[in-house]
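As structure tokens, the structure follows; a few thoughts come after it.
Starting from 1, each residue takes its place in the sequence as its number.
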Amino acid sequence: MVLSTIRSTFSGWSCANLPAGEGELRSWVHEHNHGEGVDIVIDALGPGAPAESFLDAITTLRRGGVAVDIGGMMERPPLDMFSLMCRQISVLGSLWFSTAEAQDMADLAGAGVLDLSVFEHHSFPLEKINEALADLPARHGGFSNFISVP
């Protein structure tokens, strides 16, 4: 379901999938990318994901590649800084957005300019916020929008 959402959202892009645990990621990437590493890895791993998954993804980068973390992985990955330096790999973090940027996005959505149809929306009354937080691991591959309604 998530892969079909990605394919429809980014039509025209090459998209392949290696299910977790079904092979060694670096070899698989090289097999599907003419023997080369990739330019960028975007890590959207959620809470509870093992750091090893992020570290495996970094090994797929070619020299000068960039790893961008936009996920909510809570485990701290032990990065091999010497290897990153020698391969000229950059690791970037991402803050979702500031309060002002969130307001700008809300204004765009309200004006019908920002298409949010790719998201599954889940609304919860404020008094059920704990149940909403418990459901976070069941989100639709990052395409879920959890809304607290006062």
Side-chain angles (χ1 to χ4, degrees), residues 1-106 108-109 114-116 118-124 126 128-148:
M1 181 190 237
V2 173
L3 193 55
S4 63
T5 302
I6 292 170
R7 283 188 173 132
S8 66
T9 303
F10 299 102
S11 62
W13 288 27
S14 175
C15 185
N17 181 34
L18 174 67
E22 291 193 14
E24 198 267 320
L25 184 59
R26 186 173 193 274
S27 299
W28 184 86
V29 165
H30 282 244
E31 178 183 322
H32 287 82
N33 199 33
H34 311 291
E36 299 283 335
V38 296
D39 294 316
I40 188 168
V41 165
I42 300 174
D43 170 11
L45 296 170
E52 193 64 34
S53 298
F54 177 66
L55 296 173
D56 286 347
I58 287 177
T59 69
T60 68
L61 290 166
R62 68 176 56 171
R63 181 178 174 81
V66 178
V68 181
D69 177 42
I70 62 171
M73 179 181 59
M74 302 302 283
E75 192 175 331
R76 292 180 179 202
L79 295 174
D80 178 356
M81 296 306 293
F82 184 74
S83 174
L84 296 177
M85 178 190 69
C86 290
R87 294 176 46 228
Q88 202 173 5
I89 301 297
S90 298
V91 178
L92 301 174
S94 172
L95 173 64
W96 269 96
F97 39 75
S98 68
T99 304
E101 291 166 333
Q103 185 60 57
D104 289 344
M105 286 190 291
L108 290 170
L114 180 62
D115 180 11
L116 300 176
V118 69
F119 293 104
E120 288 182 359
H121 302 286
H122 304 274
S123 296
F124 294 87
L126 188 55
K128 294 197 175 203
I129 191 67
N130 289 332
E131 289 90 340
L133 292 173
D135 283 345
L136 284 177
R139 63 185 191 231
H140 177 61
F143 293 101
S144 296
N145 186 24
F146 290 85
I147 305 161
S148 175

*Check: Ile42 and Ile70 side chains under 4.5 Å, non-hydrogen atoms*: yes

*Just do the side chain to side chain contact (heavy atoms under 4.5 Å, CB included) check on Phe124 and Asn130 with the steps written out, would you?*
CA-CA 10 Å; Phe124 294 87; Asn130 289 332; over 6 Å; no

*What are the two closest non-hydrogen atoms of Ala51 and Pro77, and how far apart are they?*
CB-CA, 3.7 Å

*Who passes side-chain contact (heavy atoms from CB on, under 4.5 Å) against Leu92, sequence neighbours left out?*
Val66, Val68

_Counting only heavy atoms from other residues, nucleotides and ligands, does the tally under 6.0 Å from CE of Met85 exceed 12?_
yes

*Please confirm whether the backbone N or O of Ser98 pairs with a side-chain atom of Glu101, one donor and one acceptor, at under 3.5 Å?*
yes

*Going from SG on Cys86 to CZ on Arg63, what distance comes out if it is rounded to the nearest 0.5 angstrom?*
8.0 Å

*Minimum heavy-atom distance between Ser148 and Leu126, given as atom pair plus value*: OG-CD1, 3.3 Å

*asked:* Could you report the tightest heavy-atom contact between Ala109 and Leu116, atom names first, then the distance?
replied: CB-CD1, 3.7 Å

*How long is the span from the CD1 atom in Ile40 to the OG1 atom in Thr60, to the nearest 0.5 Å?*
11.0 Å

*For the student: nearest non-hydrogen atoms of Leu45 and Phe54, plus distance*: CD1-N, 3.9 Å

*Distance from Leu61 atom CG to Leu84 atom CG, nearest 0.5 Å?*
9.0 Å

*Take Asp39 and Arg62 through the test salt bridge (Lys or Arg N to Asp or Glu O under 4.0 Å) and record every step on the way to the result.*
CA-CA 6 Å; Asp39 294 316; Arg62 68 176 56 171; 3.4 Å; yes

*What distance do Asp56 atom CG and Asp43 atom CG have between them, rounded to the nearest 0.5 Å?*
11.0 Å

*Short question: side chain of Arg26, backbone of Ile58 - any donor-acceptor pair under 3.5 Å?*
no

_Residue Met74 excluded, over 12 heavy atoms near CE under 6.0 Å_ = no

_Pairwise ring pair (Phe, Tyr, Trp, His ring centres under 6.0 Å) hits with a residue in residues 30-50, at least two apart_ = Trp28-His32

*Indicate yes or no: at least one non-hydrogen side-chain atom of Pro78 is less than 4.5 angstrom from one of Leu55.*
yes

